[in-house]
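What you see is a predicted model; the values in this text were computed from it and never measured. Below, chain A is the first sequence line, B the second, and so on; all start at residue 1.
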Amino acid sequence: MKYCNVIILDIVSDELDRKFTYRVPEKYLDKIIEGVLVKVPFGKRRLLALVVEEVIKIDFPKEKLKDIVGVVFDTPVLTNDLLKLANWMSQYYLCSLSKVVNTMLPKGVKLGINPAYEKYVELTDKEMADSISKKASKQKNVCEILQEENVLKWNELLQKANCTEAPVKSLQEKGVITVNKKRVYREPISYDKVAHYAYKEPTHAQKTVLKLIKDQLHSRDKIPTLLFGVTGSGKTEVYLQVIEEVLKNNKDTIVLIPEISLTPQTIARFVGRFGDKVAVIHSRLSTGERFDQWEKVLRGKAKIVVGPRSAIFAPCKNLGLVIIDEEHENSYKQGEIPRYHVRSVAEKRCEMTDSSLILGSATPSMESIYKVKENKYQLAELSKRATDATLPDITLIDMKSEFQRGNKSIFSKTLLDEIKRNTDLDKQVILFLNRRGYASFLLCRECGYTITCPRCEVTLTYHKFSDRLLCHYCDYTEPVTSHCPSCKSNKIKEFGTGTQKIELELKKYFPYLSTIRMDVDTTSKKNSHKELLDDFKNQKAQVLIGTQMITKGLDIPNVSLVGVITADTALNLPDFRAGEKTFQLLTQVSGRAGRGEGKGHVVIQSYNPSHYSIQAVRGENVRKFAKEELAMRKKLNYPPYSQLIRIVLRSSEENALENYADHLADKLEDQEYEVLGPNPCPILKIKDEYRWHLMVKVKKDKFINDKKLQDFLLEEKHNITEQGIIRISIDVDPINLL
DNA sequence: AGCACGCCGACT
DNA sequence: GTCGGCGTGCTC
């Protein structure tokens with residue numbers, strides 16, 4: 001190619017977030033193709049860029065075009081299908097191609113090739129700093145900040161001082177401060193003698209499922225498989241044996257797992273079966289390690305990639321299979337730009353590369369169940385647990401009548417009895433609390449005042465460990481007070497049921513029981529998650545109290561009782577998926593009971609136990625639940641029967657925000673689009689910014705082809721961003737509606 | 001983002 | 001005048 005478009009990788013700034021055209025010098029004619037990394041002159045600098053396409057018609061003064069000055073890597077860093085996929089994502093999720101490409105490439109691609117440096121600023125000449133004249137106010141300010149912090153990252157300093165880099169550079173020239181570049185070193189990954197994970201002869205059910213999936217592997221018109229299997233039904237062994245088959249055809253596999261399940265045990269199964277053919281990606285890897293894993297795939301040395309959401313972008317040259325385990329997990333949707341859902345992206349990549357797709361879950365998403373109904377997915381079912389363990393008994397407790405009977409405790413009588421009975425038998429108990437949003441907060445019993453975050457207007461959570469109040473949406477924190485800021489009484493005390501509170505309450509009834517608590521506070525340290533679980537597994541405590549994080553992949557045979565303190569919390573969220581989330585969560589939690597010998601028991605406490613989402617948890621009745629849930633979705637025309645585009649508007653100026661939200665909704669309605677809202681977001685304020693949102697509802701799968709709507713939204717975004725008061729973000733197929 | 005340009009206030 | 005701080009505009 002003679003001329004090509006590139007996107008800049010070094011920087012992500014809105015203004016540079018587009019394509020630039022360069023001339024290809026003669027000597028690179030055979031080297032430069034799509035997906036190649038190059039060096040380009042850009043202003044006075046030389047930057048790393050990615051060649052994305054050939055340009056034939058140039059809409060830029062040809063004589064002003066500059067030459068590409070270097071080719072950085074001996075091979076394209078994005079395979080052909082990935083580049084196509086990037087273009088599709090850019091269109092589908094309405095974001096720039098450079099944002100997509102930047103998420104596709106590991107950070108280390110840039111750093112590994114250009115050694116990794118980070119700029120640090122340090123105050124070195126204190127005397128001179130003090131002698132800076134007052135008129136250089138910005139410099140003075142920068143010095144003051146550095147007096148406090150000593151060493152700061154370059155961009156953090158600019159942010160803190162709220163200045164451009166000019167004053168900092170001046171200080172550097174004067175020798176008041178020094179700027180150090182710190183090399184980021186990468187560490188190799190070790191496959192540390194992972195024990196071989198032996199082939200297991202498939203059960204009858206597994207054989208049936210394997211046949212269905214393998215037929216798809218060799219079929220011409222492939223459709224994805226929804227592998228529906230209850231917890232412990234042996235899905236992993238099915239995955240492993242399908243991968244074996246794919247390997248035989250010399251094709252590559254990508255296995256996607258929610259980050260939280262990427263535990264050493266899970267990894268050990270894949271590495272234990274396939275050894276160094278496996279590349280593993282997880283959040284604990286350093287940039288360098290991540291780069292190494294990525295390169296292993298690019299060079300064809302790894303045939304299997306196991307990783308979270310982002311692993312769907314592994315540069316496999318010969319993709320044959322993608323597996324999405326726990327496909328219903330919300331973490332498969334990226335919360336930032338590009339706001340992609342890995343299920344949709346995987347479907348597209350498989351379609352482009354003629355690969356098979358397996359979606360595994362015990363509680364599939366409504367999206368996937370609906371596709372089975374439409375015959376767009378095939379259903380493969382593993383109904384029985386692979387081991388002989390049977391499904392647990394589930395008791396639903398109505399907390400309203402419990403309260404009416406005079407039980408004001410957070411534990412129902414049944415749950416207390418069960419805790420006693422099970423621990424008396426030397427069995428272990430898990431107590432589950434829905435989310436930390438329901439942890440304790442300070443409430444004045446005199447006047448009802450609660451302490452909220454001054455920036456986000458949400459209730460601050462009380463953390464006993466640090467004895468401070470904490471905001472869960474920003475990093476705001478303040479000390480506890482003994483007197484109510486509103487009425488000055490001393491009746492302001494912690495209230496609510498956090499994991500700590502449950503632990504304390506439990507001690508009142510059973511002072512002799514030892515407990516382990518798992519939540520964000522106790523697991524923030526590296527490895528503490530695993531350590532706590534190991535302790536529990538080794539029966540160092542009889543009761544495990546935890547939030548969400550204990551629901552996944554926990555397999556402890558001695559647990560015979562699971563208690564859910566309040567099932568309602570998720571149900572009450574202002575979200576049309578609340579029922580689905582509640583059902584999935586409760587089913588997952590229930591699956592933790594009775595994984596060894598003997599029947600497990602689950603006690604679910606709820607203020608609304610007749611709700612179908614809670615009722616259907618009995619017997620893990622996914623079909624029953626799906627029937628009711630889909631009927632509701634259809635009636636209200638929610639996904640999967642329609643497609644939503646959520647538009648979030650943020651501003652510190654409430655009036656301007658509300659006016660613009662109304663204006664935008666009107667404009668959309670004028671064009672005959674169905675609009676929900678505008679409304680204030682359920683979380684009205686985050687980090688000093690008010691938030692409003694509105695939802696555009698289109699016919700399912702129609703947004704990608706609705707150029708008119710896409711252009712309108714991009715145009716609006718452009719115009720409103722230029723004014724600088726309101727910020728706008730667009731989320732196609734949103735999961736989070738808060 | 002980061003580079004240079006150029007305006008403008010302060011000081012020889 | 002002229003020096004330096006710091007905002008502004010541009011990058012194929």
Side-chain angles (χ1 to χ4, degrees), chain A residues 1-26 28 32 34 36-72 96-99 101-103 105 107 109-111 114 116-121 125 128-146 152-177 179-181 337 718 721-724:
Chain A
M1 53 175 84
K2 290 195 81 169
Y3 299 95
C4 64
N5 273 345
V6 306
I7 51 182
I8 309 293
L9 293 182
D10 278 25
I11 5 164
V12 184
S13 134
D14 281 350
E15 281 161 282
L16 296 180
D17 199 355
R18 57 191 178 88
K19 293 168 186 169
F20 291 90
T21 310
Y22 284 86
R23 195 180 317 114
V24 179
E26 201 119 317
Y28 292 141
I32 288 181
E34 287 91 347
V36 164
L37 270 185
V38 289
K39 276 269 170 191
V40 293
F42 195 78
K44 298 282 160 196
R45 296 174 293 165
R46 288 191 164 187
L47 300 180
L48 198 62
L50 186 93
V51 177
V52 292
E53 66 206 359
E54 181 167 15
V55 193
I56 309 211
K57 237 183 115 221
I58 306 156
D59 49 358
F60 191 81
K62 223 173 178 176
E63 62 283 359
K64 282 193 189 166
L65 288 183
K66 292 181 180 173
D67 273 3
I68 287 179
V69 292
V71 176
V72 184
S96 68
L97 186 60
S98 41
K99 290 258 167 57
V101 167
N102 266 294
T103 33
L105 292 171
K107 236 193 291 169
V109 169
K110 291 163 255 179
L111 307 179
N114 283 337
Y117 292 106
E118 254 169 345
K119 263 163 125 186
Y120 285 83
V121 184
D125 196 330
M128 219 199 286
D130 290 335
S131 68
I132 298 270
S133 80
K134 264 183 236 130
K135 74 171 191 180
S137 60
K138 289 279 178 181
Q139 291 186 21
K140 197 91 190 152
N141 183 232
V142 166
C143 287
E144 273 161 17
I145 289 167
L146 281 170
L152 263 178
K153 276 186 194 167
W154 177 271
N155 39 5
E156 279 176 13
L157 178 65
L158 294 190
Q159 214 181 7
K160 270 205 159 152
N162 189 26
C163 66
T164 58
E165 53 173 36
V168 184
K169 283 218 149 171
S170 296
L171 286 171
Q172 191 188 354
E173 271 164 37
K174 286 181 200 159
V176 180
I177 58 170
V179 179
N180 292 314
K181 284 185 171 181
I337 299 168
H718 179 78
T721 309
E722 219 159 47
Q723 292 173 30

With sequence neighbours excluded, what pairs up with A:T721 under the side-chain contact (heavy atoms from CB on, under 4.5 Å) test?
-> A:K717, A:I728
Write down the distance between CG (A:D67) and P (C:dC12), rounded to a whole number of angstrom.
-> 12 Å
A:Y22 near the nucleic acid: base, sugar-phosphate alone, or nothing, with a heavy-atom cut-off under 4.0 Å?
-> sugar-phosphate
Atom pair distance, as rounded to whole Å: CZ in A:R18 and P in B:dA1 = 15 Å
A:F42 aromatic ring stacked with six-membered ring of C:dC12, 5.5 Å and 30° = no
Measure from the ring center of A:F60 to the ring center of A:F20 and say whether it is less than 6.0 Å.
-> no
Which comes earlier along DNA chain B counting from the 5' end, the contact point of A:K135 or that of A:E165, where each point is its nearest nucleotide?
-> A:E165
Quick one: is A:K174 getting a side-chain N or O under 4.0 Å of the C:dG5 phosphate, OP1 or OP2?
-> yes
Quickly, which of A:V72, A:L47, A:L37 forms a side-chain contact (heavy atoms from CB on, under 4.5 Å) with A:L9? Name it, please.
-> A:L37
Taking C:dC6, C:dC12, B:dC3 as options, the one with an atom nearest any side-chain atom of A:K138 is C:dC6
Taking CZ from A:R45 and C1' from C:dC10, how many angstroms apart are they, rounded to a whole number?
-> 11 Å
For A:K99 and A:I337 the tightest heavy-atom approach is CD-CG2, 3.8 Å
Contacts of A:N162 and A:P41 projected onto DNA chain C by closest heavy atom; the upstream (5') one is A:N162
A:V55 and A:I58 have their tightest heavy-atom pair at CG1-CG1, 4.1 Å
Picking from C:dC12, B:dG2, B:dC3, the nucleotide nearest the side-chain atoms of A:K44 would be B:dC3
Of all the choices, B:dG2, C:dC12, C:dC6, which nucleotide is nearest to the side chain of A:P167 once you look at every atom?
-> C:dC6
Phosphate contact (C:dC12 OP1 or OP2) by A:K66 side-chain N/O below 4.0 Å = yes
Phosphate contact (B:dA1 OP1 or OP2) by A:T164 side-chain N/O below 4.0 Å = no
Would you indicate, yes or no, if B:dC3 has its OP1 or OP2 atom less than 4.0 angstrom from a side-chain nitrogen or oxygen of A:K169?
-> yes
